[in-house]
Amino acid sequence: METRFVAFDHTRLAVHLAGRGPLAVLLHGYPLDHRMWLDAMHGPLAERHTLVAVDLRGHGQSPWCGDAVHAMDTFADDVSAVIRTLSDEPVHVVGLSMGGYVAQALWARHAPLVRSLALVDTRAAADAMAARAARDAAARAVVEQGRRALATGMLDKLLAKRAADDPFGLLLRARVLSMATSLPVETIVADLRGLRDRPDRTGMLPSITVPTLVVVGSDDAITPPAEAQRMAAAIAGAELVEVPRCGHLVPMEEPAAFARALGAFWARIEGG
Ligand code: MLT
């Protein structure tokens, strides 16, 4: 894996590249960074595609830019700059959860850059009132109690239930915790405000004209299968894959099933 920095408009984003072939941009969720894609980047998908895992501003190796709010549109404009820097052609775009909100914003604002969309464990709907209030409470809690308390409290929602001594489950928890606790508190607060204020994209879904794959874990407690089914039904020709016994982080929890679904989707598009 190779790391490069893309600089534009006082912003500097780290992008991590692996593999060879047509470009696919991977957009992480909250409170994570490019490391959530490591299984994908070191697996079979990289044999036929150049995978570009972006650290969104303030995440991973991309510095926080001083924003009080990380609007999904700002993230999408950043990603458009990355795509324009790395490619003259439209690229595959894969977004998990918050990354899926960014992928939808990218389609809304920069559709010609998108060759296909994979919307993973995400939704189109905006936050309801209670969810908005919960974002504000989480922002207060992270300032008062710190990152570890916030991250630990999220683990059971992010990951499907596993036996307490399951080594793979323990490793997953450690990986999620290490990403979440390495984010600056400023990033977490700005993300929570951006998530709280993001627009409802439901009405935009029928405008999606590129091949689209919707993936969801059967036990996803944050963006449940019903949300994925609604999204897939609203996008002409969209394919839906539900991964059994899996929570909100399909690419980490079931990397082989994820790679199979995404690899087959890309092969159909590329006629391979
Ligand atoms: C994520 O995984 O990116 C977040 O759970 C998204 C959200 O909270 O809406």
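The analysis underlying the following values was restricted to heavy atoms, covering all of them including side chains, and did not include hydrogens, waters or symmetry mates. Note that ligands are numbered from 1 as they come in the structure, with each ligand's atoms numbered from 1 the same way.
Here is the list of ligand 1 atoms found below 4.0 Å of a heavy atom in Tyr30: 1 (C), 2 (O), 3 (O), 4 (C). Atoms of ligand 1 found under 4.0 Å from any heavy atom of Ile222 (numbered from 1 in listed order, with element): 5 (O). Each of the following atoms of ligand 1 lies closer than 4.0 Å to a heavy atom of Met98: 1 (C), 3 (O). Of all the atoms in ligand 1, the ones that sit under 4.0 Å from a non-hydrogen atom of Gly29 are 3 (O).
Ligand 1 has no N or O atom lying under 3.5 Å from any N or O atom of Arg198, backbone or side chain. At a 3.5 angstrom cut-off on N or O pairs, Met154 does not count as close to ligand 1. The shortest N or O to N or O distance between Arg135 and ligand 1 is below 3.5 Å.
Side-chain atoms of Thr223 come within 3.5 Å of backbone atoms of Asp121 as a donor-acceptor pair (strictly under, hydrogens ignored). For Asp9 (side chain) and Thr11 (main-chain N/O), no donor-acceptor pair under 3.5 Å exists by modelled atom type.
Atom NE2 of His110 and atom CG of Asp73 lie 8.0 Å apart (nearest 0.5 Å). Separating the NE2 atom in His248 from the CD1 atom in Ile222 is a distance of 4.0 Å, to the nearest 0.5 Å.
Checking Phe75, Tyr30, Tyr101 one by one against His70, the ring pair (Phe, Tyr, Trp, His ring centres under 6.0 Å) holds for a single residue, Phe75. Between Glu253 and the options Arg245, Arg162, Arg175, Arg173, a salt bridge (Lys or Arg N to Asp or Glu O under 4.0 Å) holds for only Arg162.
Side-chain contact between Val216 and Val250: absent, with no pair of heavy atoms (C-beta onward) separated by less than 4.5 Å.
Not a single heavy atom of Lys157 sits under 4.0 Å from any atom of ligand 1.
Contacts of His28 with ligand 1, taken as heavy-atom pairs under 4.0 Å, are absent altogether.
For atom 9 (O) of ligand 1, the closest heavy atom belonging to the protein is Tyr101 OH, 2.6 Å. Scanning all protein heavy atoms for the shortest distance to atom 1 (C) of ligand 1 gives Ser97 OG, 2.8 Å.
Between His34 and His28, a ring centre-to-centre spacing not shorter than 6.0 Å is recorded.
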